[in-house]
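Chain naming here is simple, since letters A, B, ... match the order of the sequence lines and numbering starts at 1 in each. This structure is a prediction, so every number in the text was calculated from the model and none was measured.
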Amino acid sequence: MLPLYLLTSAKSKEILIELKNGENLTGELVNCDSWMNLTLKNVIQTSPNGEEFLKIPEIYVRGNHIKYLRLPEEIMDHAKEQNILNMEQRNRNQKRRGGNQGGNYNNYGNNNNNNRDRDNSGRFGGGRDRGHFRNDQQQHRNGGGRNRYNNNNNNNNNNNNNSQNQNQN
Amino acid sequence: MSESPVTVQPSQEQQPQTKDPSAPNVEDLYLESYAFTTAAAIVGSVDRKVFVLLRDGRNLFGILRTFDQFANLVLQDVVERIYLNDESNTPKKFGETYKGVFMVRGENVVMLGELDIDKEDDHLYELEQIPFEVAEKELKIAHAKTIKDEKIKGKKLLEKGLINDFVKSDLY
Amino acid sequence: MLFFSFFKTLVDQEVTVELKNDIEIKGTLKSVDQYLNLKIDNISTVNEGKYPHLKSVKTLFIRGSTVRYVHMSPSSVDCTLLQDASRREALVQSAK
């Protein structure tokens with residue numbers, strides 16, 4: 001899960017921002033975008049020397065002025081849950097997609113998909129440890145089932161494809 | 001698509017032929033270029049205890065959870081530690097405090113090191129621990145001194161036509 | 001991209017990286033990317049007493065923008081090859 005995606009799940013939560021100039025802002029995160037530009041409400045601004053405080057109802061922060069953000073601890077758990085949900089969703093989608101395609105072609109497609117999934121979860125620290133392991137196992141099981149299914153229905157699928165093409169003509 | 005149903009059949013049979021020789025090559029190429037990306041350099045440290053030095057001189061110790069192509073980092077269970085140097089610029093005291101979850105913008109990172117958790121505390125036994133707030137105050141004084149010194153240095157260099165490459169926010 | 005390619009040829013060799021804050025770090029160059037961020041294995045700091053927390057660090061990722069110098073063994077640099085490469089790069093640039 002990418003940092004910026006994690007940030008979106010911190011919406012409506014209390015966060016702290018330190019700007020590059022040392023200024024601190026604490027408030028409720030309203031919105032953020034892919035440049036890390038943020039809007040907050042009910043903000044308390046602290047000056048770099050930590051001596052002056054200012055209450056601001058609403059503020060917009062340009063992403064490139066941010067040094068770091070401190071997020072509530074819960075969002076890591078939230079991220080973990082989201083990850084599991086996403087993975088289940090993906091598995092379900094894959095199963096559905098698997099039923100519609102032709103035999104040989106499908107085999108190759110599936111291999112690629114498997115690789116890509118594994119890669120993503122590794123690179124971005126997505127489905128790690130337990131999650132990752134389980135995901136793999138499930139994919140294997142699904143893959144096996146799918147192939148058998150497809151081989152049996154090879155003719156059928158080709159017919160389907162043909163009729164689709166005819167429709168397009 | 002103006003293909004007739006008959007042409008679909010051969011194209012499907014061709015699929016394995018074209019895939020077989022080219023597919024591994026493409027993958028190799030992809031992996032080869034991937035080895036030299038920011039992501040590949042950091043990915044090994046995910047879920048490990050790391051140390052991050054920020055440009056403002058902060059030392060953060062925590063577990064790296066995720067990152068992106070800009071080296072934006074998400075750290076969990078972060079402890080910030082301040083090292084205080086003596087006159088010879090060697091640390092003598094330290095203060096630390098728990099800070100929770102951090103998301104650091106990549107531009108502010110100087111370096112990120114993977115820690116050996118068996119050895120990470122070894123050096124602390126030789127240092128005196130003081131409360132974090134006290135360390136913070138002392139650090140502020142030290143920073144003010146560096147900024148002043150650098151300003152003087154900058155002026156002197158400027159007289160000789162040289163530029164001192166120093167910005168207030170770079171205190172690492 | 002020339003220096004990126006050059007640093008790629010230095011992978012797995014011993015280098016010393018001097019940062020803008022005067023830290024000098026010695027180790028095996030493991031990876032480099034397009035921003036010249038470096039990844040260094042088996043690091044040791046030249047001034048160990050000053051940075052005790054680096055003693056427990058195994059591998060270090062250094063942001064390219066904070067590097068002042070990279071020292072390397074002269075034997076790992078092929079000057080004529082570099083000169084050729086820079087000429088070629090200049091040609092490509094001027095052709096654009």
Subject >> Engaged part of C:L38 at the chain B interface, taking heavy atoms whose separation is under 4.5 Å >> reply: neither
**OP:** Please name the pair of heavy atoms, one in C:H53 and one in B:N59, separated by the smallest distance, quoted to 0.1 Å.
**Re:** NE2-OD1, 3.5 Å
Subject >> Atom group of C:V11 that falls short of 4.5 Å from chain B, counting heavy atoms >> reply: side chain
Original post:
Do C:I62 and B:V110 touch side chain to side chain, with heavy atoms closer than 4.5 Å?
Top reply: no
Subject >> Heavy-atom proximity to chain C below 4.5 Å, by part of B:F51 >> reply: side chain
Subject >> Proximal to chain C - members of residues 155-166 of chain B, heavy-atom separation under 4.5 Å >> reply: none
Original post:
If we only count heavy atoms from C-beta on, is the C:F61 to B:S45 side-chain gap below 4.5 Å?
Top reply: no
**OP:** Quick one: do B:D116 and C:V57 satisfy side-chain contact (heavy atoms from CB on, under 4.5 Å)? Show the steps, please.
**Re:** CA-CA 6 Å; B:D116 184 342; C:V57 175; over 6 Å; no
**OP:** Please examine the side chains of B:M111 and C:L19, heavy atoms only from C-beta on, and report whether any two atoms are closer than 4.5 Å.
**Re:** yes
Subject >> Inter-chain contacts: residues 117-132 of chain B against chain C, heavy atoms under 4.5 Å >> reply: B:K119, B:E120, B:H123
Original post:
Which of the residues C:K58, C:K55, C:K39 is involved in the greatest number of heavy-atom pairs with chain B at under 4.5 angstrom?
Top reply: C:K58
Subject >> Contact class of C:N21 relative to chain B, heavy atoms under 4.5 angstrom >> reply: both
Subject >> C:Y69 OH: over 12 foreign heavy atoms closer than 6.0 Å >> reply: no
**OP:** Name the region of C:I23, side chain, backbone, both or neither, that has any atom closer than 4.5 Å to a heavy atom of chain B.
**Re:** side chain
Subject >> Separation of B:L53 CG from C:L60 CG (nearest 0.5 Å) >> reply: 9.5 Å
Original post:
Does a side-chain heavy-atom distance below 4.5 Å link C:Q34 with B:F36?
Top reply: no
Subject >> Those residues of residues 90-105 of chain B, ordered by number, that approach chain C below 4.5 Å (heavy atom to heavy atom) >> reply: B:T90, B:P91
Subject >> Largest heavy-atom contact set with chain C, pairs under 4.5 Å, which of B:E107, B:R81, B:K49 >> reply: B:E107
**OP:** Below 4.5 Å from any heavy atom of chain B, which atoms of C:F7 appear? Answer side chain, backbone, both or neither.
**Re:** neither
Original post:
Pairs in or reaching into residues 23-36 of chain C: which pass salt bridge (charged side-chain N to carboxylate O under 4.0 Å, His left out), with residues at least two apart or in two chains?
Top reply: C:D12-C:K30
Subject >> Main-chain N/O of B:G106 paired to C:R63 side chain as donor or acceptor, under 3.5 Å >> reply: yes
